[in-house]
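All figures in this text were calculated on a predicted structure; none of them were measured in a lab.
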Amino acid sequence: MKAAPDAQKRLLDLAEQDAALDRLRHRRRTLPELAGIDDLSKRLAQIATQIIAAETEAADLGREQSKAESDVDAVRQRAERDQKRLDSGAVSSPRDLAGLQSEIASLHRRQGDLEEVVLEIMERRETADARVDALRAERETITADLVGAESRRDTAFAEIDKDGSEVTARRKTIAGEIPADLLALYEKLRESSGVGAALLHGGRCLGCRTTMSIADLNVIKAAKPDEVVRCEECRRILVRTNESGL
């Protein structure tokens, strides 16, 4: 393949734009905010599950407390009724009086036991409610952090995309100045190796960093200026300049 030396040199400008695009794509993929967003999103999912579990526990304790309080009321009301019977004098038999007094004492003990149960449930419920509140507060903090990280990501994406559009426009201009067959070869090589053309500098291919043998340099030196030469090692197009060491 043959191409004017100036057209071959433009391949280096094209490669520079491609390298800039590769750097922008890499930067877009590896933004620190992306890892942060991923971590925060995972934490939000975890905390949502924890909140459901904590809310369920608090609700269960609430129902348990209501039942225990209802049991206390039932025992207290029964004790009050028995006390009224006792105070009314309606029970005159010593045996019945003793039985009624014994029952009232038993009810008071039962009420005391149930009230202890209520207090224990209330303490557990208070702890559960506090955990729900703490988890909800943490969720709000994480959500705010996530919104901030997403905002920073979007700002960075916009900057990268803007730079990418400018580089793409420059690349299009440069590509339009390169012969179609040379450009096609460059694109094919870039697709397979990532870089389609490299500078031959001081007898060294800057694409694969291989130092040419004297024999290879002699072959390249003998090639006409418009002949497209390739690196024997990496097969990239070698662009010759006054710094090529020929």
Side-chain angles (χ1 to χ4, degrees), residues 24-162 164:
L24 288 171
R25 282 190 285 267
H26 176 74
R27 182 185 165 199
R28 204 178 200 279
R29 290 193 305 269
T30 59
L31 279 175
E33 287 79 7
L34 296 179
I37 288 170
D38 185 57
D39 290 342
L40 289 169
S41 297
K42 289 178 180 177
R43 179 57 187 143
L44 270 184
Q46 292 173 346
I47 209 166
T49 301
Q50 292 173 338
I51 287 174
I52 290 173
E55 288 175 338
T56 300
E57 181 184 3
D60 289 344
L61 287 170
R63 287 189 291 271
E64 190 176 343
Q65 179 182 337
S66 296
K67 182 180 181 305
E69 289 173 342
S70 178
D71 291 342
V72 170
D73 287 340
V75 171
R76 183 175 57 249
Q77 289 172 10
R78 183 175 175 183
E80 288 174 352
R81 286 196 301 270
D82 287 351
Q83 187 65 48
K84 286 180 180 179
R85 285 183 62 204
L86 183 65
D87 295 342
S88 68
V91 180
S92 58
S93 168
R95 182 178 178 181
D96 290 341
L97 282 172
L100 187 58
Q101 289 171 338
S102 176
E103 182 178 354
I104 291 172
S106 177
L107 289 171
H108 284 161
R109 288 193 298 272
R110 175 61 176 160
Q111 180 179 337
D113 291 341
L114 288 173
E115 287 174 343
E116 287 293 328
V117 170
V118 170
L119 288 175
E120 186 268 336
I121 294 172
M122 288 177 65
E123 290 176 357
R124 289 166 54 202
R125 184 181 180 185
E126 188 175 318
T127 299
D129 288 339
R131 175 160 174 75
V132 170
D133 291 341
L135 287 170
R136 287 174 177 172
E138 185 178 356
R139 179 177 61 187
E140 291 180 4
T141 299
I142 294 173
T143 299
D145 291 343
L146 180 59
V147 170
E150 289 175 338
S151 177
R152 293 191 299 274
R153 176 204 61 191
D154 293 343
T155 298
F157 275 176
E159 293 174 355
I160 292 170
D161 293 343
K162 178 178 178 294

* salt bridge (charged side-chain N to carboxylate O under 4.0 Å, His left out) between Arg28 and Asp161: does it pass, once the steps are laid out? -> CA-CA 9 Å; Arg28 204 178 200 279; Asp161 293 343; 3.1 Å; yes

* To do: Quick one: pull up CZ in Arg78 and CG in Leu107 and give me the separation to the nearest 0.5 Å.
  => 5.5 Å

* Structure fact -> dist Glu116:CD -> Leu119:CG (nearest 0.5 Å) comes out at 5.5 Å

* Can you name the nearest heavy-atom pair linking Ala54 to Arg131, along with the distance? -> CB-CG, 4.3 Å

* Asked: Is there a donor-acceptor contact under 3.5 Å from the side chain of Ser66 to the main chain of Gly62?
  -> yes

* Taking atom CZ of Arg85 as the centre, does the number of heavy atoms from other residues, nucleotides or ligands within less than 6.0 Å exceed 12? -> no

* What is the distance from atom CZ of Arg43 to atom CG of Asp145, rounded to the nearest 0.5 Å? -> 12.0 Å

* Asked: Counting only N and O atoms by type, is there a donor-acceptor contact under 3.5 Å from the side chain of Ser102 to the main-chain atoms of Ala98?
  -> no

* Looking only at non-hydrogen atoms, find the nearest pair between Leu61 and Ile121 and report the distance. => O-CG2, 3.6 Å

* More than 12 heavy atoms of other groups within 6.0 Å of Glu126 CD -> no

* **Closest contact, heavy atoms only, Val132 versus Glu55** => CG2-N, 3.7 Å

* How many angstroms lie between CE in Met122 and CD in Glu115, if you round to the nearest 0.5 Å? -> 11.5 Å

* Asked: Under a 4.0 Å N-O cut-off, is there an ion pair linking Arg63 with Asp60?
  -> yes

* To do: Please examine the side chains of Glu138 and Leu135, heavy atoms only from C-beta on, and report whether any two atoms are closer than 4.5 Å.
  => yes

* Looking only at atom types and distance, does a side-chain atom of Ser41 sit under 3.5 Å from a main-chain N or O of Ile37, one as donor and one as acceptor? -> yes

* Once you round to the nearest 0.5 Å, how far does CD1 of Ile160 lie from NE2 of His26? -> 10.5 Å

* Asked: Which heavy atom of Gln111 sits nearest a heavy atom of Val72, and at what distance?
  -> CG-CG1, 4.1 Å

* List the atom of Ile52, the atom of Thr56, and the distance in Å for their closest heavy-atom pair. => O-OG1, 2.7 Å

* Can you list the steps and then say if Ile47 with Gln50 is a side-chain contact (heavy atoms from CB on, under 4.5 Å)? -> CA-CA 5 Å; Ile47 209 166; Gln50 292 173 338; 3.9 Å; yes

* **Salt-bridge criterion met for Asp73 and Arg76 (N-O under 4.0 Å)** => yes

* Taking every non-hydrogen atom, the tightest pair across Val75 and Arg110 -> CG2-CG, 3.9 Å

* **Ionic contact status for Lys67 with Asp71, cut-off 4.0 Å** => yes

* Which distance, rounded to the nearest 0.5 Å, do you find between the CG of Asp38 and the CD of Glu33? -> 13.5 Å

* Asked: Salt bridge between Glu120 and Arg124, side-chain N to carboxylate O under 4.0 Å?
  -> yes

